[in-house]
*Asks:* 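Take this structure, written in C-alpha cells, and hold onto it; I'll ask about it next.
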Amino acid sequence: MRDESQPLPEPGQPDPSRRAFLKHSSALAALALTPPVALTAIDHSLDERLAAAFEQLPLQVRINGQAQQLSVEPRVTLLDLLREQLGLTGTKKGCDHGQCGACTVHVDGQRVNACLTLALTTEGREVTTIEGLGSEDKLHCMQEAFLRHDGFQCGYCTPGQIMSAVACVREGHADTPEQVREYMSGNICRCGAYANIVAAILDVKASGQKV
Amino acid sequence: MNPFSYARVTTPPAAVAARTQQPGSYFLAGGTNLVDLLKRGVVVPEKLVDITRLPLTAIEATPTGLRIGALAKNSTVADHELVRRQFPLLSQALNAGASAQLRNMATVGGNMLQRTRCAYFYDTSLPCNKRVPVQAGPDKGQPNGPTGCGALGGYNRMHAIFGADAGVAAPKCIAVHPSDMCVALAALEATVVVVGPKGERRIAFRDFHRLPGDNPRQDTTLGADELITAVEVPANELAAHSTYLKVRDRASYAFALVSVAAGLQLEGTTIRQARLAMGGVAHKPWRLFEAEQFLRGKPATLATFQQAATLAMKGAKGYGENDFKLTLAPNSLVEALTLATTPA
Amino acid sequence: MDINPKNQPVDRVDGRQKVTGSAKYFAEFALPRTAYCVIVGSTIARGTLDQLDTKRAAAAPGVLGVFTHLNMPAIPGWDAPVGGQADGPPPQPTAETYRILRGTKILFDGQPIAMVVADTFERATYAASLVKATYTRQTPKTDLNKHLAAAIAPSIPWMKDYSRGQAEAYKTAPVVLEADYVVPTEVHNPMEMHGILAQWTSPTSLLLYAKTQGVNATQRAMAQAFKLDPRNVKVHTEFMGGGFGMGLRTWPQETAVVAIARQLGRPVKLVMTRSQMFQLVGYRPHTRQTIRMGADATGKLVGLVHEATAETATYEDFTEGTVNMSKFLYACPSMQTRYRLVRLDRGVPIWMRGPGEATGAFALESAMDEMAHKLHLDPLEFRLRNYSETDPEHNRPYSSKNLREAYERGAAAIGWRNRPATPGSQREGEWLVGYGMSTGTFNAMRWQATVRVVLQADGSLLVQSAVTDIGPGTGTALTIIAHNVLGVPLDRIKVQYGDTSLPPAPTQGGSAIVSTVGSAVFDTCSAVKQTLVELATRPGAPLAGHQAEELALADGQLFVEAKLATQVAVAELLRQNQLASIDKTTESKGGPEQQKYSFYSYSVHFVRVRVNPRTGVVRVTKTVSVADSGRIISPKTAASQMIGGVAGGIGMALTEEAVLDHRFGRYVNNNLADYHVAVHADVPEIETITIDKPDYLLNPMGAKGMGEIALIGFAAAVANAVFNATGRRVRELPITLDKLLAVS
C-alpha cells in the first residue's frame, strides 16, 4: 500500500502506478473504441487527463429542452451525470438500485429510474427532470397539487413522486385511487405522505388539466 | 462499477459479432438487472454491447398467435391491445412485476434473462455457487466471492421448493427465478426465438430456463453468443378464465413468494383445458403438468382444485424458512383457480 | 378569549422548493474540487483484520487517498459525544471501544476498514472494490434469542427496575395473561442516504453540510473531535431527507470524513450506500418483551409486569423507554418493569421513530387486547375501565388528558360498532374482516432554545433558529406561531433555520420542537409586541392612553380591540420612532410547573383489516388515528405527520424486519427491495382526527408533540385487528403471511 509518509500526488499530476493501471485494464478494454494514438499516448506517459479523456465517450442528449454535448465514461449513470456533473440535483438518489423511485425522470416522455440508466444509452433522447417541469414562480399543475395537498414531508422523494405522478396521469393510470396506488408503488415515501400524494394526483386528473 | 468499454450496435448480427469477438462482454438492454449487478460487483464485464437500438420492438399478430420483439418494453407489452385481449394472463403478470418505471425500461428478452434475487448471489462476500468468475480487470479469472450455497441453512424464505435437487445428490443452489412474465409465458407455452453465429434457433419455453443441477451458474439454455430476438405466443382459448395471482410480502413492488399463472378453458362448468405455472418456487418457471392433466374433463369445483393442488405439490421440499411455501403454494393454486373461474 | 384560537391549514412554507427540486440537501452543495469518499466495510462481524491490501486501490485512476487504520489522520479529541436528546440518556460506553479506522479489531458487520477518496464518484467506488482484506474470523454473536442468558441490567439510573404496589400481584388475579412479544430489528431508512460534505475553510475552521437532526449537536461534536472553537464550526442542514432518529448523533464516519478532508486539503463528500444505511447509522433494536397481567372479573387490572430485553453493541449500551408507558397509561395498583440488554457483535442502535415506546406499545396494547378477549370485554371498554385519571407513576395530575374523547371520536369514525364480537366471524367475499384498536402515548416535553425575531420597518418579519427540520414542517409551524403573536401576514414572515450561524436550538427529536422552539418564537415575538405596545401607547403616540391588554395585532396593524377604528400600522410606528427594525433575541424554557404535572401526548389508532384465509395476506383497508396533542399549530402538516405515522405503522406491523444471517452476523436484506417499507399500494384511506385542546401548562401555545404518537401503538392495532379477523394472535412482528397461513 501507499506509504503514508509520501505526499499524495496533486490532482492532475501523472502518477506512474495509475498509468500502469490504465494501460493494463480499462484502457485495454476500451481497445475496440479507442484510436491507436490514445494507447500510444498512454504508453508514452502523457498526462493522465488525456488518458481519462479516452475512457470517456461523447454523448449528445437533450436535457430539459437543451441540447447537451457531453463526454462521459460508460459506467456513469444518468442519475450521477445529472447530479454530479450537470448540477441538476432535483433528481434524487435514494437507493441507487432501482428500488425506491427517487431518481424518476422522463426519457422520451417515459418515466424511468435514472440510477439504472447508463448515461450513454440516452444518446439522442430527450430527458426531462423536475427542473424541466416547472419553476418556483411557475409551478406545473402537479407541483401545485402536491403543494396544496401537502404530498410530502421531508421532500426528498418528492421530485421523483411528481415525475412519476405526471407520467401516471399521462399513461391513463390515474382513474381510481386503487389504480393510482398501484401505479405509484415504484415511488417510496418513507415519511408516508402516500394518502396526500394520491389525493393530489386524483385532483389533477379530475381537473382535466393538461399534464 | 469497474471501467468497461461500450459499443452501440444497430443490427442483430452486429450484436452477436460484438459479443462473440470479446468474451466477458454483455448485452445491455433495459439495464434494470444488469446495471444493478454491475453496481454490486456481481458482474464485472470487459464490455457492454448496447442493443437498445436494435429493431426488435414490434408486437404483431401472426397466423398462429402473437410475436413480441425481444426489445419491446414490459409496459408496452402489458398495455398492448392484442395482449390484453388475447393473453390477459401475460398482461397481468407483467403488471404484477417491479414498478411502472422499471417496466418502462425492462425488455421482454431481458426479463427472461433476469437473475435471481437471492441475497447470497448479490453479496460477493457470502457463499454462492451461481456467480461466475470475474471477467475483467486485475482479478480476471478469479472466483467472484466464496462458493457454496449460503441459502441452504440460511435465509431462504424466498427460495425454491421444487427441482433444486434434480440430478444431484444434494442441492447446489436453491435460488428461484424472479420473473412474473416468464411464469405466464410458461403457462402460455411460448417459444423463444434466438439468433447466434449459426443463425436462428427456436426454443420451447419449458426448455429455455433450466434447473440448477450441477451447474447453477447457468440459468438458461441460451448460448453465450446468442441473442434473443422475439418470443412467440400461440393462440389459445384461455383468455376468458385467466388469472395471475402474485403472493408477496407487500401489496406491490415486491418479488413473489409464490405466484400462480392459471388459464382455463371451460365448457359450462367442465374444464376442457388447463395451463398452470408457478413462480417463486423453482429455479425456473414451474409448470404443473400433472395438475393440468388431472383437471382436464373435471368440474370446476373447489374439491377438484384442492385435489389438483395436492398433485401439484408432489416432490416439493422445504429448506427451513421457506417451509411455509409447502402450504402457501397449494393454497395459492386453489385461490388462483377460484379467481379464474369466478365471474368478474 | 383563547390566546391561540384554532389554526387554519396553510401550505408548507418550504413547499415550493421541495416540489421544484430547488431545495438543497447536504450532498447537493457544489464546492469546487470536491472529492468523493466511499467506505469499505468489513465482511465479518467479529474478529481481527489481518491484512489489508490497498495497493491496487491506491493506484487506481483518480484516487487521492486510501485511508485505513495504518494511515488514518489523527482525530485529536476523539471521544465525541452522542448529542441525542430524543428519549433518554445517550448510549453509554462499555469496556469495549470502537473508534473508526483505529486498530484491527472488528466489532460488527460493515465496520469501516478503509475509506477511499477519488476525484469522481465512479472512480472512488471502483477503487473501493479493489481493497482486499483478510481476517481472522470469530463466530459472531448476533442473535438476541440465543444470548438471552447474557442479558445485563444497564447501569443507568434512568433505566432502573421499577415497582409500585405489591410485587407481582397479577398472580393473585382471577384472570391472568402471560405472553411474549417480539419486535425485530427495524431500520430508519430515510429516503436520503446519510453522509457529510466537509470543507476546511482555514486550518482552524470548518464548513459542514451534514445530515443531522441537530446542527448544534454536530457542531459541538466536531469542535470537540478537532479541538476547535465551536464558533468556527459551521454546520448547515436546512433540508434533510428524513431522519426518523438516525440523525440524532454524530456518527464516526462523519468525523473520519472531516479528518480526511483536512489531510487532503480539499472538500470531501461522503454519501453512504443504502446497504450501509443498515450497518452504520443505527436501527431499532430487536427486543423481546414479556407481559404478565392480571385482572378481576369486573375488568379491573390487578397487576402488571412488563419486561424487555433488547440488543445493543458490545461497545455501547443503547437504552430506550420500551417499558415506560406501562407505568402510567392504565390505573393499575401493582406494577413492575425491568429492562435488560444483551451486548452483541452489532453496530449500536439509535432511537427510531416512536422509539422504545413504539416497541413497548406493541406488547402492552396487544396484551390489553388479549386480556379483554379473556374477559369477554370489548377491548375499548376494557381500556376505559382502567383509565388513569391521574399519573399513577408520579402521583401527580396530568397537565391535560383528553384520551377518553379520543377513544370516542375514533370509535365513531371507524365504525367500531361493526366489529364482530367473535373473532373470525365476519367476511367480505372470501376475505376475513376484523377491527382493532390501540393507544399510544409519549412524553410531552419542552426544552430550551433561543430565537431571534426582527420586525422590519416595512412590516415584514424575520425569525431565526438553528433548528433542523427533518420533514414535519417546523418552518411552517414557527411561521404560524409568529403570525399568531404579531399579526404579520404569513407571506411576510421568513423563517430561517438549519444553520449554526442562527440562535441555538436543540436537536429535532422527541416530538419536542414545536413546544421548545415554538415557545421561543412565541416569547420573542411577545417581546417584540411589548415594544410595539410601549411605542404606541407612550404619551403623544397614536394609541396613547390605552392599556397593553386592550391592544391586538393583525395584518400589520396594531389596534384597540374594542374600537377597530383606532389603529396604527406597525410600519408607521417604526418610522415615527426612526427605527429600522425591532430586533429581539431571547432564550426560552419551561417553568416550575413542569415539576407539578405529568405531561403526555396521546394517540388512539383504529384499523380495519382484511385477511385472505388461503394465502394469509393481510390488507389494511381503513385507518383512523386520533391525536390528543394539545393545540394544533399547523393543521395541514400535523395531519401529514399523522398519516406518515400510519404508513410507518403499517410497515412496522406487516412488513419491516432487517434480517441477519447469524452464521455470518451479516444482513441479508439490507436494501429497499428486500427490506419492505410500505409502498403506495399498502396504504389505504386514512382518517386523522385531532382533539385540538390547548395545554397551557406545557407552553404558551398549548401545543404538545405529535411525531412519535403518530406511530406508537399502531402495530398493536393491526395485530389486534388481525386477531379479530382470524382468531390468530401474532405476537412477533412483522405479521407476514406465513404466520397466518390456513386461518380459515
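Lettering follows sequence order; numbering is per chain, from 1. This is a predicted model, so every value here is computed, not measured.
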*Asks:* Do C/Asn671 and A/Gln99 have side chains that get closer than 4.5 Å, going by heavy atoms?
*Replies:* yes
*Asks:* Output all residues satisfying side-chain hydrogen bond (donor to acceptor under 3.5 Å, both in side chains) with A/Thr129, sequence neighbours left out; order by chain, then residue number.
*Replies:* A/Asn64, A/Glu131
*Asks:* Hey, does C/Lys18 have a side-chain heavy atom less than 4.5 Å from the side chain of A/Phe146?
*Replies:* no
*Asks:* Under 4.5 Å from any heavy atom of chain A, what part of C/Ile470 do you find: side chain, backbone, both or neither?
*Replies:* backbone
*Asks:* Which atoms of A/Ser135 are under 4.5 Å from chain C, going by heavy atoms: the side chain, the backbone, both sets, or neither?
*Replies:* backbone
*Asks:* Go through C/Met277, C/Arg353, C/His188, C/Glu685 and name the one with the most non-hydrogen pairs under 4.5 angstrom from chain A.
*Replies:* C/His188
*Asks:* Could you look at C/Tyr675 and say if it's the side chain, the backbone, both or neither that has a heavy atom under 4.5 Å from chain A?
*Replies:* side chain
*Asks:* For each of A/Gly90, A/Gly98, A/Cys95, A/Cys154, tally heavy-atom pairs with chain C at distances under 4.5 Å, and name the one with the top tally.
*Replies:* A/Cys154
*Asks:* Within this structure, what is the OG1-NE2 distance for the pair C/Thr273 and A/His97, rounded to the nearest 0.5 Å?
*Replies:* 6.5 Å
*Asks:* So for C/Thr637, is it side chain, backbone, both, or neither that comes closer than 4.5 Å to the heavy atoms of chain A?
*Replies:* both
*Asks:* Which heavy atom of A/Gly134 sits nearest a heavy atom of C/Thr20, and at what distance?
*Replies:* O-CG2, 4.3 Å
*Asks:* Can you say whether A/Leu147 sits under 4.5 Å from chain C via the side chain, the backbone, both, or neither, judging by heavy atoms?
*Replies:* both
*Asks:* Are the side chain of A/Arg190 and the backbone of C/Gly242 linked by a donor-acceptor contact shorter than 3.5 Å?
*Replies:* no
*Asks:* Side chain, backbone, both or neither: which part of C/Pro684 has a heavy atom under 4.5 Å from chain A?
*Replies:* backbone
*Asks:* Does anything in residues 645-654 of chain C get under 4.5 Å of chain A by heavy atoms, and if so which residues?
*Replies:* C/Ala647
*Asks:* Ignoring hydrogens and geometry, is there a side-chain-to-backbone donor-acceptor pair from A/Tyr156 to C/Pro190 under 3.5 Å?
*Replies:* no
*Asks:* Which bit of C/Met191 is near chain A, if near means a heavy-atom gap under 4.5 Å: side chain, backbone, both or neither?
*Replies:* both
*Asks:* Over all heavy atoms of both residues, which pair between A/Tyr194 and C/Val679 is shortest? Give the atoms and the distance, please.
*Replies:* OH-CA, 3.5 Å
*Asks:* Who are the ring pair (Phe, Tyr, Trp, His ring centres under 6.0 Å) partners of C/Phe26, not counting sequence neighbours?
*Replies:* none
*Asks:* Under a 3.5 Å distance rule, please check whether A/Arg83 uses its side chain to pair with a backbone N or O of C/Glu28 as donor and acceptor.
*Replies:* no
*Asks:* Shorter than 4.5 Å, heavy atoms on both sides: which option in C/Ala678, C/Gly243, C/Gly265, C/Ser275 has the most such pairs with chain A?
*Replies:* C/Ala678
*Asks:* In the structure I gave you, are the side-chain heavy atoms of A/Ile188 and C/Val677 within less than 4.5 Å of one another anywhere?
*Replies:* yes
*Asks:* Which one, A/Cys191, A/Ala195, A/Ala199, leads in non-hydrogen pairs under 4.5 Å with chain C?
*Replies:* A/Cys191
*Asks:* Any idea which of A/Ile197, A/Asp96, A/Thr91, A/Val198 has the most non-hydrogen atom pairs under 4.5 angstrom with chain C?
*Replies:* A/Ile197
*Asks:* For the atom pair OG1 (A/Thr77) and CZ (C/Phe121), what is the distance rounded to the nearest 0.5 Å?
*Replies:* 7.5 Å
*Asks:* Within 45° of the six-membered ring axis of C/Tyr25 and under 6.0 Å from that ring's centre, is NZ or CZ of A/Lys93 located there?
*Replies:* no
*Asks:* Is the shortest side-chain N to carboxylate O distance from C/Lys269 to A/Glu84 below 4.0 Å?
*Replies:* yes
*Asks:* Given A/Tyr183 and C/His680, is the side-chain contact (heavy atoms from CB on, under 4.5 Å) satisfied, shown in steps?
*Replies:* CA-CA 9 Å; A/Tyr183 278 87; C/His680 272 280; over 6 Å; no
*Asks:* Ignoring hydrogens and geometry, is there a side-chain-to-backbone donor-acceptor pair from C/Lys636 to A/Arg148 under 3.5 Å?
*Replies:* yes
*Asks:* Donor-acceptor pair, A/Gln153 side chain versus C/Ser640 backbone, under 3.5 Å?
*Replies:* yes
*Asks:* Which residue out of A/Leu133, A/Asp150, A/Leu139, A/Thr158 racks up the most heavy-atom pairs below 4.5 Å with chain C?
*Replies:* A/Asp150
*Asks:* Quick check: do C/Arg16 and A/Glu144 have side-chain heavy atoms less than 4.5 Å from each other?
*Replies:* no
*Asks:* For C/Ala23, which atoms come within 4.5 Å of any heavy atom of chain A: side chain, backbone, both, or neither?
*Replies:* backbone
*Asks:* Looking at C/Lys24, C/Met193, C/Met240, which makes the most heavy-atom pairs under 4.5 Å with chain A?
*Replies:* C/Met193
*Asks:* Which residues in residues 164-182 of chain A have any heavy atom lying under 4.5 Å from a heavy atom of chain C?
*Replies:* A/Arg181, A/Glu182
*Asks:* Examine distances only and state if a side-chain atom of A/Gln143 and a backbone atom of C/Val19 form a donor-acceptor pair shorter than 3.5 Å.
*Replies:* yes
